[in-house]
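The structure appears below as structure tokens.
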Amino acid sequence: MSERVVVAGAVCHRGRLLAARRSAPEELAGRWELPGGKLEPGEEPEDALVRELREELGVVARPVERIPGRWTLKPGYVLEVWTVRLLSGDPLPLEDHDELRWLGPDEAYTVDWLDQDRPAVAEVVRRLREA
Ligand code: CDP
């Protein structure tokens, strides 16, 4: 069986990273993640990410660069992360989330990130500090 890919976006704007608090399912609700979701059949990862960010946050966004690495979520699912630039819109928690926060590098660990998102978050925070 082939792996299912989940794509997530490290949306960066004015030196801060967007964190999204999950509202479901119960075991993940309240934890924070980089917004994204599963690829649909035949979809390219970057296209899926643009679609997910439009659906979940109501923004038009552009994937910029893949963060090196792939992280296993549960058997058969892997997470890939891109840095993302906002083209238009103000992110709103329209779907899957109940709160959004923009975090500067010194605030990045004030939220309880999903374990599987932490390596990518650490890399993005390192880049924000250098910028
Ligand atoms: O929106 P969609 O139903 O396609 O996907 P989702 O429910 O948001 O995410 C699919 C799976 O990926 C869930 O098990 C999430 O917990 C996981 N995920 C994650 O681990 N890290 C993220 N940044 C995004 C999703």
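Both ligands and their constituent atoms are indexed starting at 1 by order of listing. This is a predicted model, so every value here is computed, not measured.
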Proximity flag Glu55 to ligand 1, non-hydrogen atoms under 4.0 Å: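 No; Glu55 lies far enough from ligand 1 that no heavy-atom distance drops under 4.0 Å.
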Take every heavy atom of Glu95, measure it against each atom of ligand 1, and state whether any distance is under 4.0 Å.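 No, Glu95 has no heavy atom closer than 4.0 Å to ligand 1.
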When you measure from atom 8 (O) of ligand 1 to each heavy atom in Arg22, Arg4, Lys38, which option holds the nearest one?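 Of the listed residues, Arg22 has the closest heavy atom.
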Within ligand 1, which atoms have a heavy atom of [X] less than 4.0 Å away?
{"X": "Glu56", "result": "1 (O)"}
{"X": "Ala8", "result": "23 (N)"}
{"X": "Val6", "result": "12 (O), 25 (C)"}
{"X": "Asp96", "result": "1 (O), 8 (O)"}
{"X": "Leu114", "result": "19 (C), 20 (O), 21 (N)"}
{"X": "Leu28", "result": "16 (O)"}
{"X": "Gln116", "result": "19 (C), 20 (O)"}
{"X": "Lys74", "result": "14 (O)"}

Ligand 1-proximal atoms of Val81, by part, heavy-atom distance under 4.0 Å: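 For Val81, no heavy atom sits under 4.0 Å from ligand 1.
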Answer yes or no: is there a side-chain heavy-atom contact under 4.5 Å between Pro91 and Val59?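 Counting from C-beta outward, Pro91 and Val59 do come under 4.5 Å.
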Looking at [atom], what's its closest protein heavy atom, distance included?
{"atom": "atom 21 (N) of ligand 1", "value": "Asp117 OD1, 2.8 Å"}
{"atom": "atom 17 (C) of ligand 1", "value": "Leu73 CD1, 3.7 Å"}
{"atom": "atom 24 (C) of ligand 1", "value": "Glu33 OE1, 3.2 Å"}
{"atom": "atom 5 (O) of ligand 1", "value": "Gly37 CA, 3.4 Å"}

Tell me whether [X] is salt-bridged to [Y], with the criterion being a basic N under 4.0 Å from an acidic carboxylate O.
{"X": "Arg101", "Y": "Glu107", "answer": "no"}
{"X": "Arg127", "Y": "Glu130", "answer": "no"}
{"X": "Arg118", "Y": "Asp112", "answer": "yes"}

Leu103 and Val125: side chain to side chain contact (heavy atoms under 4.5 Å, CB included), yes or no, with the steps? CA-CA 9 Å; Leu103 302 172; Val125 169; over 6 Å; no
Using a cut-off of 6.0 Å, state whether more than 12 heavy atoms not belonging to Glu27 lie near its atom CD.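 Counting neighbours around CD of Glu27, more than 12 heavy atoms of other residues, nucleotides or ligands fall under 6.0 Å, so yes.
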Taking everything shown except Arg66 itself, do over 12 heavy atoms lie less than 6.0 Å from its CZ?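 Atom CZ in Arg66 is packed in, count exceeds 12.
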Side-chain donor or acceptor of Thr72 paired with backbone N/O of Val78 under 3.5 Å: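 No, Thr72 side chain to Val78 backbone: no donor-acceptor pair under 3.5 Å.
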Side-chain donor/acceptor of Arg62 to backbone N/O of Leu87, under 3.5 Å: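 Looks like no, no N/O pair under 3.5 Å.
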Under 3.5 Å between some N or O of ligand 1 and some N or O of Leu34?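 Leu34 vs ligand 1: N/O contact under 3.5 Å present.
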At what distance, to the nearest 0.5 angstrom, does CZ of Arg4 lie from CG of Leu79?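 Here the interatomic distance stands at 14.0 Å.
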Going by the side-chain hydrogen bond (donor to acceptor under 3.5 Å, both in side chains) test, name the single residue among Gln116, Arg21, His97 that passes it with Glu33.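 The side-chain hydrogen bond (donor to acceptor under 3.5 Å, both in side chains) with Glu33 is passed solely by His97 among Gln116, Arg21, His97.
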